[in-house]
Amino acid sequence: MAQRPSSFGPASIASAMPVAVLVASAVASSACVTINVYFPAAEAAKAADKIIDDVWGGTPTPAAPAAVPAERSSSLAVRWVLAVADFVMPVASAAEPNIDVTSAEVKRLSGSMEARFPLLEPLLQSGVLGLTSDGYLAVRDANAVALADRNRVRSLVANENADRAALYREIASANHQPQWEAQIRSVFAARWIARAKSGWYYQDSSGNWMQK
Amino acid sequence: MKKPRGVAWFVLPLMLGATNVHAALTVSLQVGRIEGGALPQPISNLRAACHLAGRDQQLHCEDASLRAETGNNQELQLSGQASWSPRSWTATVTQARWADAAWSGEARVDHQGVVQAELQLQSLPFEILAPWIPADAALPAPRGALTLDAAYQRQSPSRASARLDASIHEFGIDDAQGRYAAERASAALRLQAVIDGDLINAQGRIDAGDGQVYVEPVFIDLQAAPLTTQFEASFDRARVLVPRFSLDGVQQGVVGQFHVDARNLAWRGAPQVSTAHASFNEIALDALLRLYLAPFLAGSRWENLSGSGMARLDVNLVDTRPSSLSLNLQQASIATGSPTVEVLGIDGDAYWQAGKEQPRDSTLSWSSARYGDLPFGASTLRFTTAARDVRLQQPWRLPILDGALNVQRLQLRDWGRSDMKAEVAAVLEPIELATLCKAFGWPEFGGRLSGSVPGVRLDQNELSFDGGLSAQVFDGEITIERLRLLDPLGRLIKLLADVKLRKLDLKAITQAFSFGRIEGRVDGDVSGLRVLDWRPVAFDARVYSSPGDRSAHRISQRAIDNLSSLGGGPTGVLSRGALRFFDDFAYERIGWSCVLDNGICQMGGLEPTDHGGYVLVEGRWLPRIEVIGYNPRVDWNRFVEQLLAVRNSQGVEVR
């Protein structure tokens, strides 16, 4: 989490002080306020959908749930100070955090995945491959592939997964929050599955293969 | 109902009959159903009969026949004879059929207790074995057929010998996960074994020359690369280990000859060996890389690794761990794609050892190499490798075009670990830029590239260079500082650097790029340069007339035109009216800036104008020309395309 309790230290003590002091200390601490105090799951889902559209050739399917519960800080004091900070700070800088997926690295990776998709699609459709619950692809039924072709499928999956791993990492670092990598991956995992076409296989949370 | 193990259940109706025909006694037996015990599947409708006769103090069972049905409605038919006396017995099956397979065999026990048995089997389908495979073993069901000829002789309770000639046809198997499989494979096995107390000595030969085998991730087409092996092994039943094992073989087109020698092989949850030596001679590198190495590199930059030439490999293991390795290459070449890395004509020996003490010197030389479009000359590398450390043993000179990279020191520690460390000291002997440009297909321009790398650090997957590279170009100097490579072996090679341009001669630049003519000198600062797969994706750049420059500042009509068209403005404006009489114009200062991010270049000039534009060229004297840009945001890729188009065009006509 990007929460930085130490940034709010002086302000949270201020909760018992007169309003004027409080505003002053909020202004003083506003220099330390990171915009992305919580992981913006809803924005991440939207960003994931945008990339999935690019890679899979967007067919409008159920959009990301509008109200994904954000992982807000549980500390009341922190949240209250945040509200004060919102009031004091210019609106733009404290606005809804956004997940930027326009960096050159992200584009390069999604472009490479898009170019690979025509080779993966028939394998997903026939159930040879499936979507895993942790945001990757896996060979679900290797026996449906002729022996001589098995390594070609393995290489496709390995390259796709290497791109995906790099994509999750690059999105996190492009947003200056490298520690979000795992959360971004899990948002993507859910969105890949939600956007999968009918007949494709995916893994549920306990690792069982299910068909859409 | 729990069935007792080891005893067959006899289920009635059971009928026993005896008829006395021609002085012999015909005995017949009918059993409705037998199941349970050691039988994997029930036997039903069993009918057996034979003529009993007493002769030569032996009881003979002649013209014996047996018919029964086994589990999958397979009919079992048997005919033969048997004889019995209190001290010996013989049983012969002259003809039998079961599950489409023909059987015959004989078993004999003589009065000294010597047991002899023979069995011939023709085309037994493997499917018939399925019921014998325990369900909880999760073993896949094999396909194909088995033909065998086996003999067994037991001289005494502790001494016996066996011989087996077996062949499998059209063998197929698939495990549930598809990690190993065989398809239409054929192989022949010849085995001879002598059992002497607890020790079994065996030798044999396997020929596999048809079908396909997949053991993830290795796929072998046995028809294209047939495998022949001969082996000798002993097995100690009391200690459950193989004191000696040796194997010789050939895989056609891959390994001319290989030999494996192992001592004290055992299985204690995982394979263990006290010492082992394996040597592979006459390795055809192309087949070895394609079949056995490249599949392990799937998903990495090296997955398209290919090669040619011959190699020899020796591997030693001590206590199950690799202890040393030696590789000899002869006229070998290796190549991998995107960007193309190629090393041709490699000769030499490379050694590796697990212990760090006194490593053997390795020497590899090659005739030429290439990285992308950059060619390298012949070179020899002397180094040692031990454990995870690599160290250069003598300075290494790698010719690059007409210059060279001189590496004085190179040391890698903990190779392959996340905290691996690298130490490098290298100097670049000057390279003529004209030859470099030619190699890359760039417009040719003069100058020399040189530099020194006093240190390279590899930390957290980041390769950073102490010191800078400098190039004497266009009569000025370009220095590259704070050069860092992120994830150099990963998915995206990212390069970060700061670049400084000092006193570059604009006349030489504009001539090299056919941009018209601008005279004067420029400085430039590029900070935060980020290059992805060798293309810039971000920087903050500023190019401006060198402070204190006293050279002539002149700009030609064509250069002004090109500047104007780059900015989307009109061309040929100056060639109309009175200005057409001037070839060029004097200017005071020139300046351009670009902040590239996300494919958009935020442009600026010397200073902003009142109308939202920016001054690119500030005029001087009369006629005073000012070039003002109005487009603050420019698509970088389009801008580069236009820039190249300017170079390729014949230029604007100046009259």
Side-chain angles (χ1 to χ4, degrees), chain A residues 98 100-113 115-116 119-120 123 126-130 136-176 178 181 207 209, chain B residues 140 172-185 211-224 290-292 294-304 338 460-461 486-487 489-494 530-533 535-539 596-600 636-637:
Chain A
N98 198 15
D100 179 18
V101 288
T102 57
S103 77
E105 287 84 351
V106 171
K107 279 184 186 158
R108 186 66 51 88
L109 290 164
S110 63
S112 137
M113 291 161 72
R116 191 181 300 111
L119 299 173
L120 291 174
L123 298 168
S126 61
V128 168
L129 305 183
Y136 295 105
L137 283 189
V139 179
R140 191 191 71 93
D141 183 12
N143 286 325
V145 184
L147 293 196
D149 282 339
R150 236 168 250 192
N151 274 342
R152 189 185 61 87
V153 172
R154 253 187 89 249
S155 154
L156 278 173
V157 170
N159 280 297
E160 174 73 8
N161 286 344
D163 275 351
R164 287 187 178 200
L167 178 79
Y168 305 145
R169 191 175 60 242
E170 288 298 340
I171 292 176
S173 73
N175 287 278
H176 311 291
E181 185 183 334
W209 288 110
Chain B
I173 197 164
D174 292 294
D175 84 318
Q177 283 77 43
R179 298 172 71 93
Y180 61 90
E183 201 61 61
R184 307 177 81 88
Q212 303 177 327
V213 177
Y214 182 77
V215 180
E216 193 179 73
V218 174
F219 167 76
I220 302 167
D221 187 341
L222 288 169
Q223 201 166 13
R290 182 166 36 84
L291 291 177
Y292 295 109
F296 288 94
L297 304 169
S300 78
R301 280 184 177 268
W302 306 91
E303 73 169 359
N304 295 320
S338 70
Q460 300 289 326
N461 221 4
L486 303 188
D487 207 9
L489 298 175
R491 209 69 194 153
L492 290 172
I493 300 179
K494 238 190 278 190
R530 195 163 110 236
V531 176
L532 199 61
D533 284 347
R535 272 183 218 157
V537 294
F539 56 73
L596 175 68
D597 187 29
N598 220 343
I600 300 290
W636 174 252
N637 289 333

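Chain A is the first sequence line, chain B the second, and so forth, proteins listed ahead of strands; every chain is numbered from 1.
- In this structure, no portion of D141(A) lies under 4.5 Å from any heavy atom of chain B.
- If you take CZ on R154(A) and OH on Y214(B), they are separated by 5.0 Å, rounding to the nearest 0.5 Å.
- Atom CG of L492(B) and atom CG of D163(A) lie 7.5 Å apart (nearest 0.5 Å).
- Of the two parts of A176(B), only the backbone, made up of N, CA, C and O, holds a non-hydrogen atom closer than 4.5 Å to a non-hydrogen atom of chain A.
- Between the OG1 atom of T102(A) and the CG atom of D597(B) there is a distance of 7.5 Å, given to the nearest 0.5 Å.
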For this session: Could you check V139(A) against R179(B) for side chain to side chain contact (heavy atoms under 4.5 Å, CB included), going step by step and ending with a plain yes or no?
Result: CA-CA 10 Å; V139(A) 179; R179(B) 298 172 71 93; over 6 Å; no
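- Of all the heavy atoms in A162(A) and G299(B), the pair that sits closest is CB-O, 4.0 Å.
- One finds a salt bridge joining R530(B) and E105(A) here, because a Lys/Arg side-chain nitrogen approaches an Asp/Glu carboxylate oxygen to under 4.0 Å.
- Contacts of L156(A) with chain B are absent, with no heavy-atom separation under 4.5 Å from either backbone or side chain.
- Both the backbone and the side chain of L532(B) come within contact range of chain A, judged by heavy atoms closer than 4.5 Å.
- With hydrogens and angles disregarded, a donor-acceptor distance shorter than 3.5 Å links the side chain of R150(A) to the backbone of G178(B).
- Residues D175(B) and N143(A) share a closest heavy-atom pair of O-ND2, 2.8 Å.
- Only the side chain of A166(A) has a heavy atom closer than 4.5 Å to any heavy atom of chain B.
- Contact count against chain B (heavy-atom pairs under 4.5 Å) is highest for L109(A) among N161(A), L109(A), D100(A), V145(A).
- For the set S112(A), A144(A), A104(A), the count of heavy-atom pairs under 4.5 angstrom toward chain B peaks at A104(A).
- At a 4.5 Å heavy-atom cutoff, the contact between R169(A) and chain B is made by side-chain atoms alone.
- Contact of E303(B) with chain A is made through the side chain alone, with heavy-atom distances under 4.5 Å.
- Annotation: R116(A), atom CZ; neighbour count of heavy atoms from other residues, nucleotides and ligands within 6.0 Å is above 12.
- For chain A, the nearby part of A182(B) is the backbone; its heavy atoms alone come within less than 4.5 Å.
- In terms of heavy-atom proximity, N151(A) sits nearest to P295(B) at ND2-CB, 3.8 Å.
- More than 12 heavy atoms of other shown residues, nucleotides or ligands fall within 6.0 angstrom of atom CZ in R301(B).
- Contact annotation for A165(A): neither backbone nor side-chain heavy atoms come within less than 4.5 Å of a heavy atom of chain B.
- Annotation for S155(A) and A298(B): closest pair CA-CB, 3.9 Å, computed over non-hydrogen atoms.
- The part of D487(B) that comes within reach of chain A is its side chain, from C-beta onward, which places non-hydrogen atoms under 4.5 angstrom from that chain.
- Only the backbone of Q177(B) comes within contact range of chain A, judged by heavy atoms closer than 4.5 Å.
- The number of heavy-atom neighbours closer than 6.0 Å to CH2 of W209(A), taken from other residues, nucleotides and ligands shown, is above 12.
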